[in-house]
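Inspection log for the structure reproduced underneath, given as structure tokens.
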Amino acid sequence: YCAILKHISEAKFLLCLYWIGLELDTGNGHVLVVSQVSANAVPPTSSDTSSQTVDLWQPVSPSSIGLTTVVDIHVPRSSCQPFLLSLQEAGIEYEILISDLQRQIEKQTDITPSRQRRSNLLYSYEVYHSLDEIQNWMYQMNKTHSRLIYLFSIGKSFEGRPLFVLQLGKRSRPLKRAVWIDCGIHAREWIGPAFCQWFVKEAVQTYHSDPMMRRLLNQLYFYIMPVFNVDGYHYSWTTDRFWRKTRSNHTNLSCHGVDANRNWNVKWCSEGASLHPCADTYCGPLPESEPEVKAVADFLRKHKKRIKAYISFHAYSQMLLYPYSYKYAVIPNFKCVESAAYNAVKALYSAYGIKYKHGPASSTLYISSGSSIDWAYKHGIPYAFAFELRDTGYYGFLLPESLIKPTCTETILAVKNITNRILQKCP
């Protein structure tokens, strides 16, 4: 156990998330508020859980850290004492926000009889679900809502798991315009797959009662991939709750996985991505080296004439981002996209007063290359967005299940607002 003294910072707070222990069944953890940091003050980072290093949560790359950057860091138990000592020697102040992160993990991964009943007899959309539960849910939705849902696979993951997609919409004609939605590119961002499930549930339940939803499903197809990174998501349930990448192995090193949002063939492996296989932002040996990325890219290429919007769901930061990610530049249809983003976050705010920033990913969040939204936009999809869902760092990747419902409720308002614009001419 590593004791941490509570200290309230005076100036701009920088968040430093600290977890003791990498396995699901070991250690306790804390959330710290840190008042100042620089790239030099952050110990080396790595996704190889055997090393004595820290794991950057936000931002994910040390190159994105400046003197006033909000930094969230996950520190293994083995690095606890030296890390705290380095903070103290640098005069960096911190405050414990959550005293036991391990308890939060156990709450979300608890497989008790009561939780299983909620999952099997009456599927609950207000808890996080394992990959097997989500795939069983997809089978059931396909079976019970066949007029609106069609389940199919676009390929297999590195470990051989099927990559399922739900086609959502009234099958009135085959060549309707379409929207692609994916969740869970990064394994540890569990609120993403929770939202994808919530969106499908709301669509089928409100088809007859909500005129806007009925119009959307009548005139559009939604291609929804609830879990993009199936191998990584499964691993985050069984082994490492904070795993980010895929589970491929392209080298002789012990490090596994590629950042599936740095593996797309658009400015591949430039700024904001890493060539080191142990880095959380590892871009892979080649563009589309990951079968998950290649499968989605192939599907989007095949249907690019019909797909008018690409929307990807991540966590966390409370942002709505659009291209470019890899450079500071204005996209050609900026007026249309900026207007769509502005109205979407306005609609989201109307539910519970939650504020989202919006803008180009490069200037609103940080520079990153090889991202899915840049690739989609480059390949002719005019509306390409990435949501960074709740929160802004207090819980980070451990967003409580009690916040699933409000997060999904407000986000659906934004998605409906964006997709409704596809049926209109941009002003």
Side-chain angles (χ1 to χ4, degrees), residues 137-155 162-183 192 195-228 295-313 320 322-323 333 336-337 339-341 343-344 347 372-373 375-387 408 411-427:
W137 166 83
M138 294 173 80
Y139 286 124
Q140 286 301 313
M141 294 298 282
N142 183 57
K143 183 178 178 181
T144 57
H145 299 281
S146 57
R147 290 188 177 183
L148 290 175
I149 290 177
Y150 171 65
L151 172 67
F152 62 99
S153 172
I154 59 172
L163 302 173
F164 286 130
V165 174
L166 292 173
Q167 176 185 281
L168 174 64
K170 188 175 180 182
R171 277 176 271 186
S172 52
R173 58 186 188 276
L175 298 178
K176 291 198 299 184
R177 287 172 290 180
V179 175
W180 173 274
I181 294 177
D182 63 55
C183 298
F195 171 76
C196 267
Q197 294 169 82
W198 191 282
F199 182 83
V200 173
K201 179 262 296 185
E202 280 295 302
V204 298
Q205 289 183 356
T206 64
Y207 176 72
H208 295 291
S209 60
D210 180 350
M212 181 185 282
M213 184 65 82
R214 184 165 61 252
R215 181 168 176 252
L216 292 174
L217 296 185
N218 285 346
Q219 298 190 35
L220 296 169
Y221 279 133
F222 290 85
Y223 293 109
I224 300 175
M225 192 176 193
V227 187
F228 184 115
V296 174
D298 284 345
F299 182 87
L300 295 176
R301 275 188 286 258
K302 183 178 179 181
H303 300 282
K304 68 178 182 180
K305 289 184 178 178
R306 295 193 299 112
I307 296 176
K308 302 302 178 184
Y310 171 94
I311 310 175
S312 187
F313 287 88
L320 177 53
Y322 52 82
N333 64 336
C336 293
V337 173
S339 175
N343 285 293
S372 64
I373 60 170
W375 185 94
Y377 187 77
K378 177 188 173 185
H379 283 75
I381 299 176
Y383 291 94
F385 293 103
F387 278 83
C408 294
T411 307
I412 278 186
L413 298 179
V415 173
K416 286 167 67 177
N417 196 283
I418 290 171
T419 52
N420 191 49
R421 292 180 67 88
I422 297 171
L423 303 177
Q424 307 167 358
K425 268 199 171 183
C426 178

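This structure is a prediction, so every number in the text was calculated from the model and none was measured.
Side chains of L168 and V204 form a contact here, defined as non-hydrogen atoms less than 4.5 Å apart. Counting heavy atoms from C-beta outward, H379 and L300 have side chains that stay 4.5 Å or more apart. When side chains are defined from C-beta on, D210 counts as touching K416, because their heavy atoms get closer than 4.5 Å. Counting heavy atoms from C-beta on, the side chains of Y383 and I311 never come closer than 4.5 Å. At least one side-chain heavy atom of V415 sits less than 4.5 Å from a side-chain heavy atom of I181. Side-chain atoms of R306 and Y221, non-hydrogen and from C-beta on, do get closer than 4.5 Å to each other. At least one side-chain heavy atom of F385 sits under 4.5 Å from a side-chain heavy atom of V337. Contact of the R177 side chain with the L220 side chain is registered, since non-hydrogen atoms from C-beta on lie closer than 4.5 Å.
Scanning for side chain to side chain contact (heavy atoms under 4.5 Å, CB included) contacts around A295 gives I154, L163, with sequence neighbours left out.
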- Audit row: I422, Q219, side-chain contact (heavy atoms from CB on, under 4.5 Å) steps and yes/no: CA-CA 10 Å; I422 297 171; Q219 298 190 35; over 6 Å; no

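Distance check, rounded to the nearest 0.5 Å: CZ of R301 to CD1 of I307 gives 12.0 Å. Summarising the geometry, atom NE2 belonging to H303 is positioned 10.5 Å from atom CG belonging to D298; distances are rounded to the nearest 0.5 Å. One distance of note links OH of Y223 with CZ of F299; it measures 5.0 Å at 0.5 Å rounding. Here the CG atom belonging to N218 is positioned 6.5 Å from the OG atom belonging to S172, to the nearest 0.5 angstrom.
Distance alone, capped at 3.5 Å, is enough to place a donor-acceptor pair between the K308 side chain and the K305 backbone. In terms of modelled atom types and a separation under 3.5 Å, the side chain of N343 and the main chain of S339 share a donor-acceptor contact. In this structure, the side chain of K176 engages the main chain of L217 through a donor-acceptor pair within 3.5 Å.
Looking at every heavy atom in both residues, W375 comes nearest to A297 through CH2-O, 3.5 Å. Here the closest non-hydrogen pair linking F222 and T419 is CE2-CG2, 3.6 Å. In terms of heavy atoms, M141 sits closest to V200 at CE-CG1, 3.8 Å. The shortest non-hydrogen separation linking K170 to L148 is N-CD2, 3.8 Å. Nearest heavy-atom pair across R421 and C336 is NH2-O, 3.7 Å. Closest non-hydrogen pair, I412 versus E202, comes out as CD1-CG, 3.4 Å.
Open room surrounds NZ on K304; 12 or fewer heavy atoms of other groups in view lie less than 6.0 Å from it. Residue-environment remark: NZ (K201) exceeds the threshold of 12 foreign heavy atoms within 6.0 Å.
With hydrogens and angles left out, the side-chain atoms of Y207 and R147 include no donor and acceptor closer than 3.5 Å. Side chains of Y310 and D182: a donor-acceptor N/O pair is present below 3.5 angstrom, by distance only. Side-chain N/O atoms of N333 and Y322 include no donor and acceptor closer than 3.5 Å.
The aromatic rings of Y150 and F152 sit parallel to each other, their planes meeting at less than 30°, with 60° as the upper class boundary. Between F199 and F195, the ring planes lie tilted relative to each other; the angle falls in the 30° to 60° range.
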